[in-house]
Amino acid sequence: MENVKQLLAVRRQKLQKLIEMGVDPFPNKCKRTHKIKTLLDNQKEYVNKQQKVIITGRLDAMRRQGKVGFGNVSDESSRIQIFVKYDIVGEVNYEVFKLLDLGDFIQVDGECFVTKMGEYSVKAKQVTILGKSLRPLPTVKEKVVDGKVQRYDEFSDIELRYRKRYMDLLLNPQNKMNFELRAKIIREIRTFLDSRGYLEVETPVLQPLYGGAFARPFITYHNTLDIDLYLRIAVELYLKRLLVGGFEKVYEIGKNFRNEGMDRNHNPEFTLLELYQAYANYNDMMDLTEDMVIHIAKSIFGTDTINFQDQEISLAKPWRRASILDLIEEETGFDASDFDFEKIKAFCKKNEITIYPTAGPGKLIEEIFKEFVEAKLIQPTFVIDFPKEVSPLAKEKPGNPNLVERFELFIYGNEYGNAFTEINDPIDQRERLEAQMKLRELGDTEANLIDEDFLEALEYGMPPTGGLGIGVDRLVMLFTENTSIKEVILFPQMKPEA
RNA sequence: GCACUCGUAGCUCAGUUGGCAGAGCAGCUGACUCUUAAUCAGCGGGUCUAGGGUUCGAAUCCCUACGGGUGUACCA
């Protein structure tokens with residue numbers, strides 16, 4: 001740490017020197033006439049008429065050479081070289097220039113020109129410090145070889161990149177793209193849904209009861225009310241209340257919180273799109289999902305084909321729709337359609353699938369699917385008609401009391417969405433939740449709770465409804481070709497450092 | 001949770017069989033009035049993640065802890 005102290009001390013000394021010279025290292029005012037990109041876009045014209053410009057940005061390279069010096073300044077738009085000459089800026093300003101460190105924010109008043117070596121630059125008339133950097137940033141250098149940018153000493157430590165995201169963004173500008181694309185994707189989701197008449201709503205993050213998904217919640221406490229509250233694990237039960245209230249098409253994009261393990265597909269807080277539509281069912285939700293994902297792909301990337309992990313994935317309609325039972329049979333030859341518990345248990349035992357005490361045949365079918373099928377679903381696939389046992393909010397499939405109208409969307413072996421024809425029969429819904437409570441009593445910590453207020457709402461009447469949930473982070477991962485959710489969340493959850 | 005793996009200067013990394021902790025960049029001093037991974041000369045900078053053990057001697061071998069990654073389990 002001695003070294004760090006020295007590096008910090010040096011910068012503070014420079015700060016002191018500037019102050020002694022009467023220079024404010026953190027002025028309140030600055031001026032900019034051009035973004036750097038504008039300079040690049042108008043190079044010929046600006047060079048010809050020696051365009052006067054004032055640029056601002058961070059000094060990220062410096063090559064001083066006696067009484068002349070070069071630097072590079074970056075703003076959000078781009079990066080350009082500056083040329084600072086003693087004879088032009090004068091003795092005092094040149095002293096200031098010499099006291100600059102990499103990472104300082106500066107303003108350069110000057111004019112556009114081309115150096116002897118042919119590089120388009122800003123010839124400084126004055127260099128003004130806008131914000132002193134008191135801590136050294138790692139230096140990443142770049143060199144263009146055969147038109148390709150080669151980077152040296154890249155800031156690449158994954159842990160540091162996540163913990164100090166600002167450095168990652170600053171030093172690895174290509175990583176900013178993930179987050180720009182994330183914003184665009186979410187914007188296109190809204191554009192798409194808004195144009196189809198869905199109303200965006202906001203429902204409570206702090207809930208007295210949690211529901212709508214299988215997950216353990218985060219618990220918090222409200223002082224004045226003197227009650228525990230839960231951070232939502234889903235917004236489902238609130239959005240359905242809105243359908244009772246007469247809204248016909250609603251959606252919410254927001255953070256949900258699940259108190260579970262973390263890995264490259266799971267962050268404790270994550271962004272979920274949930275959508276409910278009256279007078280619709282899960283088939284409509286499949287159509288909608290296809291249209292929405294294709295809209296995103298085409299409007300942002302101009303194509304309905306994407307590459308992920310060297311696999312070409314076609315988003316063109318229609319996506320495969322196959323039942324979970326058919327897929328299992330396809331992969332394993334095992335026919336579970338009779339829901340014969342003993343037979344299914346035997347199959348699980350033979351294949352070393354854990355049989356939890358609370359699991360029935362439906363749960364085991366889901367386990368078999370995970371074990372044998374999931375990873376095989378590379379191209380977009382709607383896996384449909386799930387066991388009723390594992391779907392307490394989904395409506396039974398006509399003609400088969402073991403199944404419900406539900407689908408999960410899989411792409412490249414990962415789950416992206418979950419949807420069903422929603423239960424609007426309050427009696428059925430109560431029975432399903434009561435069955436969940438029994439599981440809970442048997443030790444299933446993720447089983448659903450009974451939300452009496454929600455059941456009461458259903459009793460007033462809810463229209464037949466299709467509901468959909470899409471994992472937004474995963475969608476962003478897909479479109480940005482990332483295999484870790486931490487790459488698409490600006491500040492992913494990390495263990496505290498020792 | 002379990003398994004494997006990594007942790008050395010601000011950053012990127014090397015470190016042989018267990019034998020004086022290194023390089024480049026960044027920093028500091030000096031030279032240089034058109035450089036661009038600027039160059040040249042010199043200098044400073046380390047609790048080798050932490051703690052314990054083996055050993056004459058540990059960055060290196062062993063154990064434990066912490067942190068990261070990967071896989072697996074869990075997770076709609």
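Here is how names work: the chains are called A, B, and so on, in the same order as the sequence lines, proteins then strands, and each is numbered from 1. These values consider heavy atoms only, across backbone and side chains, with no hydrogens, waters or symmetry-generated copies.
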Checklist entry - Between A:E252 and A:R232, is there a side-chain N and carboxylate O pair less than 4.0 Å apart? => result yes

Next on the checklist: Within the 4.0 Å heavy-atom criterion, would you say A:N265 contacts the bases, only the backbone, or no part of the nucleic acid?
Outcome noted: nothing

Checklist outcome for this item: Of the candidates B:C28, B:U33, B:U36, the side chain of A:K67 sits closest to B:U33

Item to check | Distance between P atoms of B:A58 and B:U36 (Å, rounded) | outcome: 47 Å

Checklist entry - For atom CZ of A:R216, is the number of surrounding heavy atoms from other residues, nucleotides or ligands below 6.0 Å larger than 12? => result no

Next on the checklist: Please determine whether a side-chain nitrogen or oxygen atom of A:R151 lies at a distance below 4.0 Å from atom OP1 or OP2 of B:U12.
Outcome noted: no

Checklist outcome for this item: Checking B:U12, B:C74, B:C28 against the side chain of A:D157 (C-beta onward), the nearest is B:U12

Item to check | Check ion pair A:E367-A:K363 (N to O, under 4.0 angstrom) | outcome: yes

Next on the checklist: Using OP1 and OP2 only, check whether a side-chain N or O of A:R264 sits under 4.0 Å from B:G71.
Outcome noted: yes

Checklist entry - With a non-hydrogen cut-off below 4.0 angstrom, is A:K164 in contact with a base, only sugar-phosphate, or nothing? => result nothing

Checklist entry - Under a cut-off of 3.5 Å for both distances of each Watson-Crick or G-U pair, what dot-bracket string does RNA chain B give, using [ ] for crossing pairs and | for inter-strand pairs? => result (((((((..((((.....[..)))).(((((.......))))).....(((((..]....))))))))))))....

Item to check | Distance below 4.0 Å between A:K85 side-chain N/O and B:U33 OP1 or OP2 | outcome: no

Item to check | Residue whose closest nucleotide on RNA chain B lies nearer the 5' end, A:S156 versus A:D153 | outcome: A:S156

Checklist entry - When all nucleic acid strands are considered with a 4.0 Å heavy-atom cut-off, which category describes A:Y356: base, sugar-phosphate, or nothing? => result sugar-phosphate

Item to check | Closest to side chain of A:Q6, choosing from B:G45, B:U36, B:G10 | outcome: B:G45

Item to check | Nearest-angstrom distance, C1' atom, B:U17 to B:A59 | outcome: 15 Å

Checklist entry - Counting any heavy atom closer than 4.0 Å, what does A:E415 reach on the DNA or RNA strands: base, sugar-phosphate only, or nothing? => result sugar-phosphate

Checklist entry - Charged N to carboxylate O under 4.0 angstrom, A:E159 versus A:K495? => result no

